[in-house]
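Presented below is the structure to which this report refers.
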Amino acid sequence: MEFNKFRIRSYEGQYDRAQVEDLERRCEVGPSESVFLFTDTMGDPICRIRNSPMYMMLVAELENELVGVIQGSIKLVTVHGHPPNDLAKVGYVLGLRVSPHHRRKGIGSSLVRRLEEWFTSKDVDYAYMATEKDNQASVSLFMDKFGYTKFRTPAILVNPVNHHCFQVSSNIEIARLKVDQAEYLYRRFMGSTEFFPNDIGNILRNKLSLGTWVAYFKGDIAWGDFGSDGQVPNSWAMLSVWNSGEIFKLRLGKAPFSCLLCTKSWWLIDKVFPCLKLPTIPDFFNPFGFYFMYGVHHEGPFSGKLVRALCQFVHNMAAESKDENCKIIVSEVGGRDELNHHIPHWKLLSCPEDLWCIKSLKNEGTNNKFHELTKTPPTRALFVDPREV
């Protein structure tokens, strides 16, 4: 049978790059049948996992043609109650693609199975994946066939970058942290956050991480005292920025006519009446990059205003960047996180519920913890690793 002719093997960049890029172009990614995105990996199909501590790409080959790919990465993260020291090794499943002409032949299932075998060989405790909740094919494959369970439903918040810069409040101080300062504050204040990466220092030192900034009200604390000896103001906020557009670009492949009409009309109004300073809708039909805001943390009664100020600062940084292809700013936060109300975003472009599913790869000693992870309503924030966006 044709079903049994394909074979699964490791990705070999020298021989497979062109075919993988072609497969990526032929596969649509998006929240519905009417809108989807194309991903341009700019000559490096493995770019989305290359910065992870450990990674693997597998391909499915049928008669010298690549008909499927999958990627996976492994890291050590915070999982409360997991021995030892609330740390667990997790494997992230991403980038599953099967050629439209070769679906329903068991190729996707074989790729997932082989990747899970690799996870197991590396002593991974949990495997997890993320997908759009409306992607029935993906949900059915992972939840029904492979036994993954709903874990979290974070919100993906998207804000367009336009040429009108924001005026940050004059009573707010925004300062850039040194990497060592940022790592100290993250470990102190977010170290207990679900899925906090144990190698946060490597993330902050990566060339794609543009920096970490804190915001606080002027007069609350002297900058030289911030973080020293554990001192922080009554209200403060911080975040870091990752330049995802440096490694891959996105392009809108198809959209409803109403979306096209709205976009063209908005451009025309802004061109004719620039004095209105309308927020412009970027051109998503040509390849574009984006900044990803991660590690967003805030404390204090007025910290929401500080988060918004930091977001405005990042917007201005993107608007003034030499990279004119940076068209949006993205962040991902827990679905019930109050940050949803403080981070500026357009509902038209955002996804209120991304679906994360998880599976225990070990039977002994993790069942109780796995039940707690999947059955207990999320009460803590969720750290989204920028390397996995």
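Judged purely by atom type and a 3.5 angstrom limit, His345 uses its side chain to pair as donor or acceptor with the backbone of Ile343. Although no hydrogens or angles enter the test, the distance criterion places no donor-acceptor pair under 3.5 Å between the side chain of Lys362 and the main chain of Thr120. Formation of a donor-acceptor pair under 3.5 Å by the Arg103 side chain with backbone atoms of Val98 is found in this model. The backbone N or O of Ser138 sits less than 3.5 Å from a side-chain atom of Asn135, completing a donor-acceptor pair. In this structure, Glu299 contributes its side chain and Ser235 its backbone to no donor-acceptor pair below 3.5 Å. The main-chain N or O of Val158 is found under 3.5 Å from a side-chain atom of Ser350 such that the two form a donor-acceptor pair. Without hydrogens or angle criteria, Ser321 side chain to Met317 main chain gives no donor-acceptor distance under 3.5 Å. The backbone N or O of Trp118 lies less than 3.5 Å from no partner atom in the side chain of Lys122, so there is not a single donor-acceptor pair. Proximity of a side-chain donor or acceptor of Glu353 to a complementary backbone N or O of Lys133 within less than 3.5 Å is not detected. At distances below 3.5 Å, not a single donor-acceptor pair connects side-chain atoms of Ser240 with backbone N or O atoms of Thr212.
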Applying side-chain contact (heavy atoms from CB on, under 4.5 Å), run through Gln19 and Leu23 and close with a yes or a no. CA-CA 6 Å; Gln19 285 201 63; Leu23 178 61; over 6 Å; no
Is there a salt bridge (charged side-chain N to carboxylate O under 4.0 Å, His left out) between Glu183 and Arg205 once you walk through the steps? CA-CA 10 Å; Glu183 181 175 358; Arg205 290 177 176 84; 3.1 Å; yes
May I have the step-by-step check of ring pair (Phe, Tyr, Trp, His ring centres under 6.0 Å) for Phe383 and Phe195, ending in yes or no? CA-CA 6 Å; Phe383 193 102; Phe195 271 47; over 10 Å; no
So His82 and Tyr126, ring pair (Phe, Tyr, Trp, His ring centres under 6.0 Å) or not? Walk me through it. CA-CA 11 Å; His82 188 93; Tyr126 305 102; 5.7 Å; yes
Going through the checks in order, is the side-chain contact (heavy atoms from CB on, under 4.5 Å) test met by Trp236 and His297? CA-CA 9 Å; Trp236 66 285; His297 179 76; 3.8 Å; yes
Given the rule in the side-chain contact (heavy atoms from CB on, under 4.5 Å) test, do Glu24 and Thr39 qualify, once you have shown the distances and angles that lead to the verdict? CA-CA 7 Å; Glu24 187 74 42; Thr39 303; 3.8 Å; yes
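Checking Tyr92 against Ser52 by side-chain atom types alone, no donor-acceptor pair falls below 3.5 Å. A donor-acceptor contact closer than 3.5 angstrom is absent between the side chains of Lys145 and Ser140. Between the side chains of Tyr128 and Glu388, at least one donor-acceptor pair of N or O atoms lies under 3.5 Å.
Both Val179 and Met238 are part of a single hydrophobic cluster, where members link through side-chain heavy atoms under 4.5 Å apart. Using a 4.5 Å cut-off between side-chain heavy atoms of Ile, Leu, Val, Met, Phe, Trp and Tyr, with links allowed through other members, Met54 and Val93 fall into the same hydrophobic cluster. Under the 4.5 Å side-chain heavy-atom criterion for ILVMFWY residues, no single connected hydrophobic cluster contains both Leu361 and Leu76. Cluster annotation: Tyr294 and Leu94 are assigned to the same hydrophobic cluster (Ile/Leu/Val/Met/Phe/Trp/Tyr, side-chain heavy-atom contacts under 4.5 Å, transitive).
Residues His298 and Ala237 approach most closely at CB-CB, 3.9 Å, considering heavy atoms. A pairwise comparison of heavy atoms in Leu208 and Asn206 identifies N-OD1, 2.8 Å as the closest pair. Between Ala215 and Ile172, the shortest heavy-atom contact is CB-CG2, 4.2 Å. Smallest separation of non-hydrogen atoms from Arg188 and Gln231: NH1-N, 4.3 Å. Taking all atoms of both residues into account, the shortest heavy-atom contact from Lys89 to Asp123 is CD-O, 3.7 Å. Closest non-hydrogen pair, Glu194 versus Thr78, comes out as OE2-O, 3.6 Å.
A salt bridge links Asp385 with Arg387: the distance from a Lys NZ or Arg NE/NH1/NH2 to an Asp or Glu carboxylate oxygen falls below 4.0 Å. The residues Asp354 and Arg152 are annotated as not salt-bridged, no charged nitrogen and carboxylate oxygen being separated by less than 4.0 angstrom. Salt bridge Lys359/Asp125: absent, no basic N to carboxylate O contact under 4.0 Å. Contact check on Asp22 versus Arg17 returns no salt bridge, with no Lys/Arg side-chain nitrogen under 4.0 Å from an Asp/Glu carboxylate oxygen.
To the nearest 0.5 Å, atom OH of residue Tyr184 and atom CG of residue Asp180 are 12.5 Å apart. A distance of 12.5 Å separates NZ of Lys249 from CG of Asn286, quoted to the nearest 0.5 Å. Rounded to the nearest 0.5 Å, atoms CG (Leu355) and CE (Met129) are 6.5 Å apart. A distance of 4.5 Å separates CD1 of Ile70 from CG of Leu96, quoted to the nearest 0.5 Å. Rounded to the nearest 0.5 angstrom, Arg176 CZ and Gln181 CD are separated by 11.5 Å.
Aromatic ring orientation, Tyr186 versus Phe196: tilted (interplanar angle from 30° to 60°). Between Phe142 and Phe146, the angle of the ring planes lies from 30° to 60°, which puts this pair in the tilted group.
Remark: of the listed residues Leu210, Asn159, Ile328, Leu210 is the sole one forming a side chain to side chain contact (heavy atoms under 4.5 Å, CB included) with Tyr291. Among the candidates Glu65, Lys105, Arg26, the single residue satisfying the side chain to side chain donor-acceptor pair (under 3.5 Å) test with Ser99 is Arg26. If you run side chain to side chain contact (heavy atoms under 4.5 Å, CB included) between Phe292 and each of Ile329, Val384, Val241, only Val384 comes through.
Between Asp40 and Leu250, the closest side-chain pair of non-hydrogen atoms is not below 4.5 Å.
Within 6.0 Å of CZ in Phe189 there are more than 12 heavy atoms belonging to other residues, nucleotides or ligands. Within 6.0 Å of NZ on Lys178 lie no more than 12 heavy atoms contributed by other residues, nucleotides or ligands. In this structure, Gln167 places its CD atom where only 12 or fewer heavy-atom neighbours from other residues, nucleotides or ligands lie under 6.0 Å away.
The side chain to side chain contact (heavy atoms under 4.5 Å, CB included) test applied to Arg50 returns Asp44, Ile46, Tyr55, not counting sequence neighbours.
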